[in-house]
Amino acid sequence: MSKDTISNLITLIRNADMAKKETVPIPSTNITESIVKILLREGFIKNVRKHKKNNKNFLILSLPFYRKKGIYRTRTILKRISRPSFRIYSKYQRIPKILGGIGIVILSTSRGIITDREARLQRIGGEILCYIW
């Protein structure tokens, strides 16, 4: 586990997806809960439930499991952009579009953690946290 909770979240989801796991436990913080709500709303995860074990809160994520003709295919690709040692900020006009708008960019703004589409509609920029497609 690292001190960077966003990188930890992305790595846990990516590793569980590559290992063909259907569920993955993630330590619960305010930032991870906000990002998981966005992933749930955008359809990158199926379900979320809270779990408490030894006075520690966890989020149990249910990942979509796709099998086509016996071959497992990883669907979710997550990439961390801004790191604690290297912050990347963007105005709302310069927020990148991932795969022509198919993917999403998650930003940390003054109004909370939102997607690129919401940031463009609200005309606010912020720190680019990660790309998902």
Side-chain angles (χ1 to χ4, degrees):
M1 292 266 213
S2 66
K3 298 266 184 193
D4 187 10
T5 58
I6 300 168
S7 293
N8 190 24
L9 167 76
I10 290 171
T11 303
L12 287 171
I13 292 173
R14 185 185 311 123
N15 289 344
D17 194 31
M18 289 189 322
K20 304 174 188 171
K21 301 285 185 183
E22 293 184 11
T23 61
V24 57
I26 293 175
S28 178
T29 63
N30 290 337
I31 294 172
T32 57
E33 285 183 15
S34 299
I35 293 174
V36 165
K37 284 179 188 175
I38 290 173
L39 293 175
L40 182 64
R41 187 175 63 223
E42 296 289 330
F44 289 102
I45 57 176
K46 284 196 301 189
N47 194 8
V48 178
R49 69 178 194 266
K50 290 187 179 185
H51 183 70
K52 190 170 187 174
K53 185 176 182 182
N54 297 334
N55 288 334
K56 292 186 180 179
N57 293 325
F58 290 94
L59 297 173
I60 308 295
L61 307 181
S62 298
L63 301 176
F65 188 69
Y66 294 101
R67 190 179 286 264
K68 198 171 193 179
K69 296 183 182 177
I71 299 172
Y72 176 78
R73 183 161 180 241
T74 303
R75 188 187 126 187
T76 306
I77 298 174
L78 301 114
K79 185 176 181 185
R80 176 82 157 121
I81 302 301
S82 185
R83 301 184 307 262
S85 61
F86 187 65
R87 305 281 185 185
I88 298 179
Y89 297 93
S90 177
K91 296 179 182 179
Y92 77 93
Q93 300 100 332
R94 297 193 180 262
I95 297 172
K97 289 188 178 183
I98 305 302
L99 294 177
I102 295 173
I104 62 171
V105 177
I106 296 180
L107 294 115
S108 177
T109 66
S110 59
R111 297 184 187 160
I113 296 178
I114 58 175
T115 64
D116 57 336
R117 292 180 210 112
E118 295 168 351
R120 285 189 198 97
L121 288 175
Q122 296 177 13
R123 294 178 166 243
I124 55 174
E127 180 184 354
I128 298 175
L129 298 178
C130 60
Y131 297 157
I132 301 170
W133 69 91

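The first residue in the sequence is number 1, and the count goes up from there.
- Both L107 and W133 belong to a common hydrophobic cluster when Ile, Leu, Val, Met, Phe, Trp and Tyr are linked at side-chain heavy-atom distances under 4.5 angstrom.
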Q: Determine, stepwise, if the pair I35 / I10 fulfils side-chain contact (heavy atoms from CB on, under 4.5 Å).
A: CA-CA 10 Å; I35 293 174; I10 290 171; over 6 Å; no
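- Contact detail for R80 and C130: the closest heavy-atom pair is CA-CB, 4.1 Å.
- More than 12 heavy atoms of other shown residues, nucleotides or ligands fall within 6.0 angstrom of atom CD1 in I60.
- Residues R117 and I104 have side chains in contact (heavy-atom distance under 4.5 Å, counting atoms from C-beta outward).
- The CD1 atom of I98 lies 7.5 Å from the CG atom of D116; values are rounded to the nearest 0.5 Å.
- The side chain to side chain contact (heavy atoms under 4.5 Å, CB included) with I113 is formed by just one residue from the set I106, I6, T32; it is I106.
- T23 and S62 get closest at one heavy-atom pair: CG2-OG, 4.1 Å.
- In terms of modelled atom types and a separation under 3.5 Å, the side chain of R49 and the main chain of L61 share no donor-acceptor contact.
- Nearest heavy-atom pair across N8 and P27 is ND2-CG, 4.3 Å.
- Closest approach of R111 and I124 over heavy atoms only: CD-CD1, 3.9 Å.
- To the nearest 0.5 Å, the span separating CG on L59 from CG on N47 amounts to 11.0 Å.
- In this structure a side-chain-to-backbone donor-acceptor pair under 3.5 Å is present from S82 to I88.
- Follow the hydrophobic side-chain contacts under 4.5 Å out from V48 and you reach L9 in the same cluster.
- Residues V105 and S90 are not in side-chain contact: their nearest non-hydrogen atoms beyond the backbone lie 4.5 Å or more apart.
- R120 places a side-chain N or O within 3.5 Å of a backbone atom of I95 that can act as its donor or acceptor partner.
- Looking at T115 and R41, their side chains come closer than 4.5 Å, going by heavy atoms from C-beta outward.
- Checked by atom type and distance alone, the side chain of R94 never pairs as donor or acceptor with a backbone atom of Y89 at under 3.5 Å.
- Taking CD of E33 as the reference point, atom OG1 of T29 lies at 7.0 Å (rounded to 0.5 Å).
- Between P64 and F44 the shortest heavy-atom distance is CD-O, 3.3 Å.
- Proximity of Q122 to I114: side-chain heavy atoms (C-beta onward) are separated by under 4.5 Å at one or more points.
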Q. What do the steps show when you test I38 against I132 for side-chain contact (heavy atoms from CB on, under 4.5 Å), and what is the final call?
A. CA-CA 11 Å; I38 290 173; I132 301 170; over 6 Å; no
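- For the atom pair NZ of K52 and OG of S28, the computed distance is 11.0 Å after rounding to the nearest 0.5 Å.
- At distances below 3.5 Å, at least one donor-acceptor pair connects side-chain atoms of R14 with backbone N or O atoms of L78.
- Note that the CD1 atom of I81 and the CD atom of E127 stand 11.0 Å from one another [nearest 0.5 Å].
- Here the side chain of S34 pairs a donor or acceptor atom with the backbone of N30 at under 3.5 angstrom.
- Nearest heavy-atom pair across K46 and L63 is CE-O, 3.6 Å.
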